[in-house]
Amino acid sequence: MVLQDFYDGKEFEAYTFFGAHKENNRIVFRTYAPNAVSISVIGSFNEWHGEAMTQIDRSGVFVYESDKAVFGDLYKYKIEYSDGNVVDHCDPYGFGMELRPAHASVVTDISGYKWHDDEWMKRRTRNFNMPMSIYELHLGSWRTNPENQNGWYSYSEIADELISYVKKNGFTHIEFLPLSEHPADESWGYQNTGFYSPTSRYGNAKQLMELVDKAHADNIGVIMDFVPVHFAIDGYGLNYYDGSDLYNLPPGDVGNSEWGTLNFNHSRGETACYIQSCANYWLKEYHFDGIRMDAISRAIYWRGDPDRGVNQKAVDFISSMNVGLHQRHPDAMLIAEDSTSYLKVTAPAEYGGLGFDYKWDMGWMNDTLNYFRCSPQQRVEKYFDLVFSMEYFFKEHFILSFSHDEVVHGKATIIQKMWGDYEKKFPQARALYMYMFSHPGKKLNFMGNEIAQFREWDEKREQDWELLRYPLHDSFHRYFSDLNHLYLTYEELYKNEFNNYNFRWLESYASDKSVYVFEVGLDERKIISAFNFSDNDYPDYRFNAAGKRKLTELISSDYDIYSGSTTRKNEAVEVKYNEKEDFSSVSVHLPPFTGIMYLSENIFE
């Protein structure tokens with residue numbers, strides 16, 4: 001590594017130099033602490049008696065070579081500050097850590113795993129013009145292990161069952177909440193102390209590699225949730241690492257986050273290298289197919305507040321990092337969680353953008369869920385809230401997300417958010433999900449959404465799988481899986497979805513009826529989706545479609561197999577062609593709280 005590149009914020013593989021590495025049959029420890037008076041390595045290999053590290057030419061880099069340390073040994077850095085305090089820290093670049101509350105780093109070999117995913121990696125893309133339905137999950141609470149005192153399965157133990165479930169239900173990708181080491185279970189991994197360390201809750205580095213490898217063998221992509229904005233305040237981590245604010249903005253109005261964590265100082269080259277090298281590390285060493293970056297709004301604006309202004313140094317860093325990551329991994333996805341209206345989040349950096357491939361559509365999520373909370377009478381007034389999504393959709397590459405954030409902290413789960421009593425919630429939730437899967441944009445759902453879970457997510461409990469013994473939940477699960485597989489089957493639902501010619505409203509002014517109809521597709525075949533979000537029955541609802549069309553019903557959220565009231569029939573949809581004006585008048589039955597999808601094909605004579 002060229003140290004000047006590190007100082008200048010240009011290095012993307014700082015982890016290959018810093019940390020603990022085996023070189024010439026010795027373990028070489030290196031850490032960067034320019035303001036430290038002295039540093040010693042303490043560990044299980046020297047009975048926790050300090051061995052002094054040497055600073056290289058006032059570079060801020062301290063090094064120690066050990067012929068006693070081996071892979072698996074525990075270690076810390078004992079750092080003496082200029083004020084006389086001495087604090088033990090874990091290694092910022094450590095590849096493994098102890099289970100909380102212990103916090104020693106682990107000398108870890110990340111080079112020995114034999115990958116079997118060459119074919120997957122060769123044909124991997126960023127999924128433009130391809131279906132992408134993401135299953136977001138917290139690994140420790142998807143399933144719990146009765147034989148583990150904490151209830152956790154290891155990466156290896158859970159791999160086969162998880163991948164089989166995801167594949168069977170039609171998802172294309174798994175997205176894990178952060179798997180880097182964190183001290184508090186209730187932070188879900190968003191408050192890190194070991195950015196380079198796969199959390200020891202579920203095993204070690206090679207077990208995580210095995211999980212990703214197995215997913216690729218079953219054609220399932222894997223996305224890693226990553227936190228480039230802030231870090232845990234714990235004194236053994238990055239906080240006051242060398243006796244100074246080395247990694248963070250100084251404490252104060254913008255130095256601390258709303259979560260009680262410390263905000264990274266993105267304007268410092270060494271800190272920039274630490275973060276971007278970490279993102280590169282997960283993509284390169286673990287073969288993750290994408291990085292979802294958390295809380296990007298807090299990087300764009302000071303404390304995420306547009307009124308405080310743009311944090312230009314952080315914006316420049318994010319843009320530069322994304323350029324570097326795309327250069328090194330042109331087929332890996334970079335995804336932003338950003339709740340603001342900041343422009344060009346998914347535009348390339350050379351055109352003034354942040355360089356992400358996708359952005360979560362938080363506006364669509366909020367407007368949609370607020371609409372479904374309303375009574376049928378209130379939906380008349382809220383009608384155009386659903387139309388609004390297509391006013392801005394083509395400004396970015398969006399992922400429609402019903403994530404973990406929507407099913408915790410008193411917000412209620414997706415099914416619980418639906419208006420009405422228990423039984424009325426199910427048909428509305430089925431219609432909601434058809435709206436989601438037919439609307440342009442990639443899809444993301446948090447675990448439990450697919451089984452209509454009523455209980456809010458709790459990281460200490462596994463999902464309520466016993467619900468599948470009840471017909472309403474079992475049929476809902478079947479419906480969700482069928483939607484996913486239909487989405488995979490019909491390319492009209494995802495091909496050219498970010499082209500503004502791909503979408504057309506066929507009914508967007510029926511506020512008195514709460515009916516919406518739209519079509520997607522550029523060619524002779526299109527998908528038409530019709531929705532009745534009211535509690536009224538419309539036996540003969542009519543809308544027009546351009547050209548001479550043949551319509552075939554693909555799926556209805558009201559089928560009796562999904563606990564609805566409609567028996568599926570293989571009958572032609574009534575279509576009357578107006579030759580003079582070249583349009584087809586379509587008549588359909590729209591039961592209350594129902595969505596129906598049709599394959600629409602041109603007829604040429």
Side-chain angles (χ1 to χ4, degrees), residues 74 76-77 87-106 136-145 148-155 158 175-205 208 224-241 245 247-249 251 255-264 274-275 278 282 292-295 298 303-304 337 403-411 446-448 455-463:
L74 304 177
K76 299 178 187 178
Y77 296 130
V87 178
D88 294 349
H89 285 271
C90 61
D91 187 345
Y93 288 88
F95 299 147
M97 282 184 71
E98 287 183 290
L99 179 63
R100 54 91 179 114
H103 55 265
S105 296
V106 182
E136 185 195 35
L137 65 94
H138 175 262
L139 191 59
S141 57
W142 183 72
R143 293 275 191 190
T144 55
N145 182 359
N148 181 289
Q149 64 176 352
N150 291 299
W152 301 321
Y153 284 103
S154 72
Y155 300 113
I158 207 167
E175 180 175 320
F176 290 111
L177 269 61
L179 294 176
S180 43
E181 196 58 83
H182 51 284
D185 295 351
E186 57 269 25
S187 82
W188 313 329
Y190 289 99
Q191 297 187 14
N192 292 168
T193 48
F195 277 79
Y196 289 77
S197 300
T199 176
S200 55
R201 290 166 176 81
Y202 318 127
N204 57 40
L208 177 54
M224 173 70 160
D225 214 338
F226 178 66
V227 188
V229 177
H230 61 111
F231 58 87
I233 200 169
D234 299 69
Y236 62 82
L238 299 180
N239 185 12
Y240 218 56
Y241 182 69
D245 298 319
Y247 288 96
N248 56 284
L249 292 167
N256 295 83
S257 78
E258 63 198 87
W259 302 286
T261 51
L262 292 171
N263 290 323
F264 276 116
Y274 179 78
I275 302 167
C278 190
W282 292 113
R292 178 266 193 187
M293 300 195 198
D294 182 63
R298 274 64 176 178
R303 292 183 67 88
E337 188 245 347
S403 74
H404 65 280
D405 279 330
E406 312 319 317
V407 297
V408 292
H409 297 160
K411 296 177 186 177
F446 187 59
M447 62 181 190
R455 177 182 60 83
E456 286 190 344
W457 171 50
D458 179 348
E459 75 279 353
K460 297 182 292 295
R461 293 176 56 183
E462 77 169 15
Q463 298 306 285

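Counting begins at 1 with the first residue of the sequence.
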Residues forming a salt bridge (charged side-chain N to carboxylate O under 4.0 Å, His left out) with [X], sequence neighbours excluded:
X	answer
Glu136	none
Asp225	Arg292
Lys460	Asp458
Glu258	Arg298

Can you measure from [atom1] ([X]) to [atom2] ([Y]) and round to the nearest 0.5 angstrom?
X	Y	atom1	atom2	answer
Leu179	His138	CG	NE2	9.0 Å
His103	Thr193	NE2	OG1	9.5 Å
Ile158	Leu137	CD1	CG	7.5 Å
Ser154	Leu208	OG	CG	11.0 Å
Trp457	His409	CH2	NE2	8.0 Å

Is the backbone of Ala295 close enough, under 3.5 Å, to the side chain of Glu337 for a donor and an acceptor to pair up by distance?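 Flag set: sc Glu337 to bb Ala295 pair under 3.5 Å.
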For [X], give me all partners under side chain to side chain contact (heavy atoms under 4.5 Å, CB included), at least two apart in sequence or on another chain.
X	result
Gln149	none
Val87	Tyr81, His89
Thr199	Tyr155, Glu181, His182, Arg201, Tyr202
Glu462	Arg143, Thr144, Trp465

If I compare all heavy atoms of [X] with all of [Y], which pair ends up nearest, and what's the gap?
X	Y	answer
Phe95	Pro198	O-CD, 3.4 Å
Glu459	Ser141	O-CB, 3.5 Å
Trp282	Tyr196	CZ2-C, 4.1 Å
Cys90	Ser105	CB-OG, 3.5 Å
Phe226	Ile275	CZ-O, 3.5 Å
Val227	Gly189	CG2-O, 4.3 Å

Sequence neighbours left out, what passes ring pair (Phe, Tyr, Trp, His ring centres under 6.0 Å) with Tyr190? Give chain and number order.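 Tyr190 satisfies ring pair (Phe, Tyr, Trp, His ring centres under 6.0 Å) with His404 only.
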Could you tell me which residues satisfy ring pair (Phe, Tyr, Trp, His ring centres under 6.0 Å) with Tyr77, sequence neighbours excluded, listed by chain and number?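 Listed in chain order: Tyr75.
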In residues 229-238, what donor-acceptor pairs under 3.5 Å come from side-chain atoms, sequence neighbours left out?
unit_1, atom_1, unit_2, atom_2, d
His230, ND1, Thr261, OG1, 2.7

For the residue pair Ser187 and Asn192, establish whether any side-chain heavy-atom pair is separated by less than 4.5 Å.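 Of all side-chain heavy-atom pairs linking Asn192 with Ser187, none is under 4.5 Å.
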Quick check: do Val408 and Phe446 have side-chain heavy atoms less than 4.5 Å from each other?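 The answer is no, as the side chains (C-beta and beyond) never meet within the 4.5 Å cut-off.
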Filter on salt bridge (charged side-chain N to carboxylate O under 4.0 Å, His left out), then keep only pairs touching residues 90-101, sequence neighbours left out; what's left?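 Counting only pairs at least two positions apart or across chains, the salt bridge (charged side-chain N to carboxylate O under 4.0 Å, His left out) contacts touching residues 90-101 are Arg100-Asp185.
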